[in-house]
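Protein chains get the first letters and strands the later ones, always in sequence-line order, with residue 1 at the start of each.
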Amino acid sequence: MTRRYWLMKSEPDVFSIEDLAAKDFEEWDGVRNYQARNFMRDMKKGDLVLFYHSNAKPPGVAGVAEIAAEAHPDRTQFDPKSEYYDPKSTQDEPRWDVVTVKHVETFDELVSLATLKGAAELEGMHVVRKGSRLSVTPVDQEHFQAVLELAKAKTSVR
DNA sequence: GCCAACGTTGGC
DNA sequence: GCCAACGTTGGC
C-alpha cells in the first residue's frame with residue numbers, strides 16, 4: 001500500500017490535538033478553500049497527517065493523526081445556523097467535503113514552526129514558506145519522517 | 001496591531 | 001478576461 005502524507009492546520013483554541021485525543025475521531029469540517037478541499041479529496045484511508053497548531057504560541061506540529069474515512073459532504077454547509085453555512089451549496093452538488101481523522105499520537109513536546117524552519121532537511125515544505133496560508137497540504141515522505149525524528153529528538157533530551 | 005500573501009468578488 | 005477592492009489566514 002502506498003501511503004501518503006499530509007499536514008492539516010487547526011487553531012488549538014478551536015480544536016486541538018488534545019481535543020482529538022479525547023474524542024479519538026473527528027470530522028474535519030469547515031474547510032472553505034478549493035485547493036485545500038481538493039487535497040482532502042485525494043486522501044485515502046490510512047494516510048498519515050501532521051496535526052499543526054496554527055495561531056498558537058508557539059505554532060507548530062503537535063502530533064500525528066490518520067485518515068479514518070475518505071472525503072464525504074460537509075454537513076455544516078447546509079446548516080444556516082452554522083458559521084460554515086454556504087447558501088450556494090446544494091444537496092445534489094455539495095461544494096465542500098470533510099474527511100474523518102483518527103488520533104494516532106500526541107508529541108510530548110510540540111515541534112515548533114521555528115524548529116521546522118531551522119531544519120535544513122525540511123527546506124521546501126509548504127508550512128515553512130513565508131506567508132503559508134493553505135490549511136491542508138501534501139507532505140513528502142522524507143519531510144514527514146524528518147518531523148517525526150525532530151519530535152523524538154526533543155523527547156529523548158528531556 | 002501590523003503586514004505579507006494570497007483568494008474572492010464584482011464592476012467594466 | 002482584467003483588475004481593484006476587500007476579506008482572510010496566520011506569523012511575528
Would you call the rings of A/F51 and A/W28 parallel, tilted or perpendicular if under 30° counts as parallel and over 60° as perpendicular? perpendicular

Indicate yes or no: does A/D29 engage A/R75 in a salt bridge with an N to O separation below 4.0 Å. no

Side chains of A/M43 and A/D97 in contact at under 4.5 Å (non-hydrogen atoms): no

Qualifying salt bridge (charged side-chain N to carboxylate O under 4.0 Å, His left out) pairs with a residue from residues 77-89 of chain A, counting only residues at least two apart or across chains: A/D86-A/R95

B/S/- along nucleotides 7-12 of chain C (protein heavy atoms under 4.0 Å) is BBBBSS

Mark yes or no for whether A/Q77, through its side chain, and A/S89, through its backbone, hold a donor-acceptor pair below 3.5 Å. no

